[in-house]
Amino acid sequence: MPELPEIETIRRGLEPILTGRRIDRVVVRERRLREPVIPVQLRRLVGSRFLSIRRRSKYLLLGTDTGSTLLIHLGMTGQLWVTEVDQPRRPHEHVVISLSDGRDLRFADSRRFGMLLVIQTGNIDQHPRLRNLGPEPLDGSLTGDRLFQSTRNRTRPVKNFLIDTRSVAGVGNIYACETLHRARIDPRLPVGRIGRIRWERLVQSLRTVLAEAIEAGGTTFRDYLKADGEVGLFAVALRVYNRAGKPCLRCAGTIRRITQAGRGTFFCPRCQR
DNA sequence: AAATGAACCTGTTTGC
DNA sequence: TGCAAACAGGTTCATT
């Protein structure tokens, strides 16, 4: 379940490996992803070199020296790793990009919610998939005041607001729960009823939670690249997610699970208000 | 207009 | 025990 910290961890791992490498060959075995893969589009990348490895929200943007950017989303179950060419295929290995250093960049995705598309590097931000994304939580564009301003007279539960990529980029179900627990905010609270001070606290908590997760993810990234495909998720100490019925780690409360926007929300009714 | 729910998928867990 | 239903969640589209 890759959210922003997992994608950032992958980005940091890929950056030194891919930068400067040339794309020698592209093989598409399965094109039925969230958005159909267009083999012709990907094959046009052959001969280009990777220039920059960036991230926007949960998207990876692999920029090349020929004006194209390979946009990759891992959906729910996507995996992206570099491996020796003689390594056996993993299940659901849909795309293989052969690199000039003799290795492969491989993409696997059992549920096929992922995406690989090629776009022109100029005005990337205007691409339909990126155009409506909210501010990046880890740079200065996200402030408590901005969220306060944008939520006056709104009634959505704050949890639903947080996982909407138009509000804030890159926050998924797990880290939304963790952030709200840290900020001591009830996930059901309508956003319009949250004041400036609490928005500031929420943003602060979000940054802390994401930064800690990236830190933890970084420690397991080498394992991920080696072969086993594990994202560093299990190295992250989750305080509420998936802990229904267990004691709150901060107060005497018991973690509860409810459903919001069709997804599980975990929170402590005692210290989240 | 805003908010919610369904749909897309398959692997895993839960319940009868 | 075995099978089926429920669940997991990122994003987009449809509906209320």
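Each chain gets a letter, A, B and so on, in the order the sequences are listed, and its residues count up from 1.
A donor-acceptor distance shorter than 3.5 angstrom exists from the side chain of Glu178(A) to the backbone of Val240(A), with no hydrogens or angles considered. Side-chain atoms of Arg112(A) never come within 3.5 Å of backbone atoms of Gly114(A) as a donor-acceptor pair (strictly under, hydrogens ignored). Side-chain N or O atoms of Glu6(A) include one that pairs as donor or acceptor with a backbone N or O of Glu3(A) at under 3.5 Å.
Taking atom CD on Glu3(A) and atom P on dA8(C), their separation rounds to 14 Å, with Å as the unit. Spacing between atom CG of Leu133(A) and atom P of dG10(C) amounts to 14 Å, rounded to whole angstrom units. Rounded to an integer number of Å, the gap from CG of Asp164(A) to P of dC13(C) is 14 Å. Rounding to whole angstrom units, CZ of residue Arg31(A) and P of dC8(B) are separated by 20 Å. A straight line from CD1 of Ile7(A) to C1' of dT11(C) spans 13 Å, rounded to a whole angstrom. Atom CZ in Arg154(A) sits roughly 6 Å away from atom P in dA3(B) (whole-Å rounding). Between the C1' atom of dG10(C) and the CZ atom of Arg34(A) lies a distance of 8 Å, rounded to the nearest Å.
Comparing atom distances between the Thr165(A) side chain and each of dG10(C), dT11(C), dA3(B) picks out dT11(C) as nearest. The nucleotide whose nearest atom lies closest to any side-chain atom of Arg257(A) is, among dT4(B), dT10(B), dC7(C), dC7(C). Between dG10(C), dT12(C), dG11(B), one nucleotide has an atom nearer to the side chain of Met76(A) than all others, and that is dG10(C).
Put simply, CG on Leu130(A) and CD1 on Ile119(A) are 5.5 Å apart, with the number rounded to the nearest 0.5 Å.
Across the P atoms, dC7(C) and dG5(B) are found 14 Å apart, a figure rounded to whole Å. Taking atom P in both dA6(C) and dA6(B), the straight-line distance is 13 Å, to the nearest Å. With P as the reference atom, dA14(C) and dC9(B) are 16 Å apart, rounded to whole Å.
Taking side-chain N and O atoms only, Asn173(A) has no distance below 4.0 Å to OP1 or OP2 of dG10(C). The side chain of His92(A) contributes no N or O atom lying less than 4.0 Å from OP1 or OP2 of dT10(B).
Not a single donor-acceptor pair, N or O on each side, falls under 3.5 Å between the base of dT11(C) and the side chain of Arg112(A).
Just one residue in the list Glu93(A), Arg106(A), His92(A), Arg90(A) forms a side-chain hydrogen bond (donor to acceptor under 3.5 Å, both in side chains) with Gln79(A), and that residue is Arg90(A).
Both Pro128(A) and Phe113(A) lie near DNA chain C, and the one whose nearest nucleotide falls closer to the 5' end is Phe113(A). Between Arg156(A) and Arg263(A), the one whose closest nucleotide on DNA chain B sits nearer the 5' end is Arg156(A).
Within 4.0 Å of Asp109(A), counting heavy atoms only, lies no atom of the nucleic acid at all. Looking at heavy-atom distances under 4.0 Å, Gly114(A) makes no contact with the nucleic acid at all. As judged by a 4.0 angstrom heavy-atom cut-off over every strand, Gly262(A) is placed among residues making no nucleic acid contact.
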